[in-house]
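This one's a predicted model, so the numbers in the text were calculated from it and none came from an experiment. A note on names: the letters A, B, ... follow the listed sequences, proteins ahead of strands, and every chain is numbered from 1.
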Number of protein chains: 2
Amino acid sequence: MQQNKIDTCPFQEAMDLMSGKWTMTIINTLMAGKMRFKVLERSIPGINTRMLVKELKQLEKTGVLTRTAYATVPPTVEYALSEKGISLTSVLAAVQDWALKNMQTKN
Amino acid sequence: MQQNKIDTCPFQEAMDLMSGKWTMTIINTLMAGKMRFKVLERSIPGINTRMLVKELKQLEKTGVLTRTAYATVPPTVEYALSEKGISLTSVLAAVQDWALKNMQTKN
DNA sequence: CTGTATCCAGGTAGATACTG
DNA sequence: CAGTATCTACCTGGATACAG
């Protein structure tokens with residue numbers, strides 16, 4: 001999650017994008033469908049408000065997800081994966097697959 | 001690259017493992033075959049000795065690569081991917097693929 | 001509910017210089 | 001060549017408290 005503008009390689013950029021501590025967890029959670037902030041927060045044990053906000057902003061900026069706010073009281077904001085976000089499924093799957101094969105013996 | 005022992009999910013562990021700034025670059029470089037320390041260092045522009053040593057140690061510890069030292073003068077040390085490391089190819093490919101499709105429009 | 005604002009601890013990464 | 005040793009800057013992430 002380094003912000004160096006020196007990174008010109010798409011691969012590095014992609015890794016950078018996904019390297020946040022909660023990034024992939026958030027994306028993975030949102031695979032289930034659009035979700036409100038609070039629901040998302042409750043779905044990811046251990047995360048705190050500040051981190052979730054930060055990650056969501058970052059992911060929105062990079063176009064991985066979309067944010068939709070409704071002018072209700074109290075406020076309603078929904079987060080959903082964009083096409084770009086959904087297309088991360090293949091990466092998610094590859095990592096998951098590798099993890100299951102290579103990390104399970106531990107613990 | 002957080003070291004929290006609280007992470008019990010294999011997926012999180014895997015992401016943790018790959019999240020170092022230089023980790024995937026090193027692995028990717030080593031895909032070409034075994035390599036000596038200095039060669040590796042020269043193959044990865046921008047990295048410094050300390051970081052390379054640190055990452056290599058980490059990756060050796062997690063079994064992604066192997067370190068072989070020869071008692072020569074001057075010393076010869078070769079690093080090579082293990083089976084576990086080589087099996088990361090699928091992840092590498094998935095990320096690469098996604099990156100090319102989704103990051104190229106930028107820059 | 002959906003964030004923002006602070007404050008702070010710890011880790012990550014860079015630059016050298018130096019050793020066997 | 002293959003590292004180790006320092007010293008430092010910066011960033012990430014956590015804990016609250018508070019606001020619209």
Side-chain angles (χ1 to χ4, degrees), chain A residues 1-7 9 12-13 15-27 29-30 34-62 65-80, chain B residues 1-7 9 12-13 15-27 29-30 34-62 65-80:
Chain A
M1 188 82 85
Q2 285 79 17
Q3 316 295 59
N4 314 354
K5 297 301 180 189
I6 306 111
D7 289 346
C9 169
Q12 302 265 26
E13 283 180 59
M15 282 308 301
D16 228 43
L17 177 72
M18 320 185 316
S19 293
K21 178 172 181 180
W22 302 101
T23 315
M24 292 310 254
T25 306
I26 291 172
I27 293 172
T29 305
L30 277 176
K34 69 184 176 199
M35 227 167 271
R36 295 183 63 176
F37 185 87
K38 205 66 183 178
V39 178
L40 206 41
E41 191 171 17
R42 273 192 296 258
S43 300
I44 304 174
I47 201 169
N48 60 40
T49 310
R50 196 181 80 84
M51 276 299 110
L52 182 54
V53 170
K54 204 175 166 185
E55 295 278 358
L56 288 173
K57 268 185 180 152
Q58 164 97 6
L59 291 173
E60 187 193 358
K61 203 177 68 185
T62 53
L65 56 78
T66 59
R67 194 191 95 114
T68 315
Y70 301 94
T72 57
V73 178
T76 303
V77 180
E78 282 182 343
Y79 292 91
Chain B
M1 188 81 86
Q2 286 79 16
Q3 316 293 60
N4 315 354
K5 297 302 180 190
I6 307 109
D7 289 346
C9 168
Q12 302 266 24
E13 283 180 60
M15 282 308 300
D16 227 44
L17 177 73
M18 321 184 316
S19 294
K21 178 170 180 181
W22 302 101
T23 316
M24 292 310 255
T25 307
I26 292 172
I27 293 173
T29 305
L30 278 175
K34 69 184 176 199
M35 227 168 272
R36 296 181 62 174
F37 185 87
K38 204 66 183 179
V39 177
L40 205 43
E41 192 172 16
R42 273 193 295 258
S43 302
I44 304 175
I47 201 170
N48 61 41
T49 310
R50 190 179 145 278
M51 274 301 109
L52 183 53
V53 170
K54 204 175 167 184
E55 294 278 356
L56 288 173
K57 269 185 180 151
Q58 164 96 6
L59 290 172
E60 187 194 359
K61 202 177 69 184
T62 51
L65 56 77
T66 59
R67 195 191 95 114
T68 316
Y70 301 93
T72 57
V73 178
T76 302
V77 179
E78 281 182 342
Y79 292 91

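Taking the side chain as every heavy atom from C-beta outward, Val53(A) and Phe37(A) approach each other to under 4.5 Å. Contact annotation: the side chain of Thr29(A) approaches that of Leu40(A) to within less than 4.5 Å [non-hydrogen atoms, C-beta and beyond]. Counting heavy atoms from C-beta on, the side chains of Arg36(A) and Tyr79(A) never come closer than 4.5 Å. With a 4.5 Å cut-off on side-chain heavy atoms, Trp22(A) and Ile44(A) count as touching. Contact annotation: the side chain of Thr23(B) never approaches that of Leu17(B) to less than 4.5 Å [non-hydrogen atoms, C-beta and beyond].
Residues satisfying the salt bridge (Lys or Arg N to Asp or Glu O under 4.0 Å) test with Lys38(A), not counting sequence neighbours, are Glu41(A).
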Going 5' to 3' through nucleotides 2-9 of chain D and flagging B where a protein heavy-atom sits under 4.0 Å of the base, S where only the sugar-phosphate is that close, and - otherwise, we get SBB-B---

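No donor-acceptor pair closer than 3.5 Å links the side chain of Thr76(A) to the backbone N or O of Thr72(A). Listed for the Thr62(A) side chain is a donor-acceptor partner under 3.5 Å among the backbone atoms of Gln58(A).
Nucleotide dG11(C) holds its C1' atom 13 Å from the CE atom of Met51(A), rounded to whole Å. Per the geometry, CG belonging to Asn48(A) stands 16 Å off P belonging to dA5(C), to the nearest Å. Between Lys21(B) atom NZ and dC10(D) atom P there is a gap of 14 Å when expressed in whole angstrom units. Remark: P of dT2(C) and CE of Met35(A) are 13 Å apart, rounded to the nearest angstrom. Regarding Leu17(B), its CG atom lies at a distance of 13 Å from the P atom of dT12(C), rounded to whole Å. As rounded to whole Å, 13 Å separates atom C1' of dG14(C) from atom CD of Glu41(B). In this structure, CG of Leu40(A) is placed 13 Å from P of dC1(C), rounded to the nearest angstrom. Nucleotide dA15(D) holds its P atom 14 Å from the NZ atom of Lys54(A), rounded to whole Å.
In summary, the side chains of Glu60(A) and Thr66(A) do not present any donor paired with an acceptor at a separation below 3.5 Å, with no hydrogens or angles considered.
Each end of the helix from dC1(C)-dG20(D) to dG20(C)-dC1(D) gets its own axis, taken as the rotation carrying the C1' atoms of four end pairs onto the next four within a five-pair window, and the two axes meet at 40° to the nearest 10 degrees.
Counting only heavy atoms from C-beta on, Glu55(B) has its side chain closest to dA13(C) among dA13(C), dC1(D), dG14(D).
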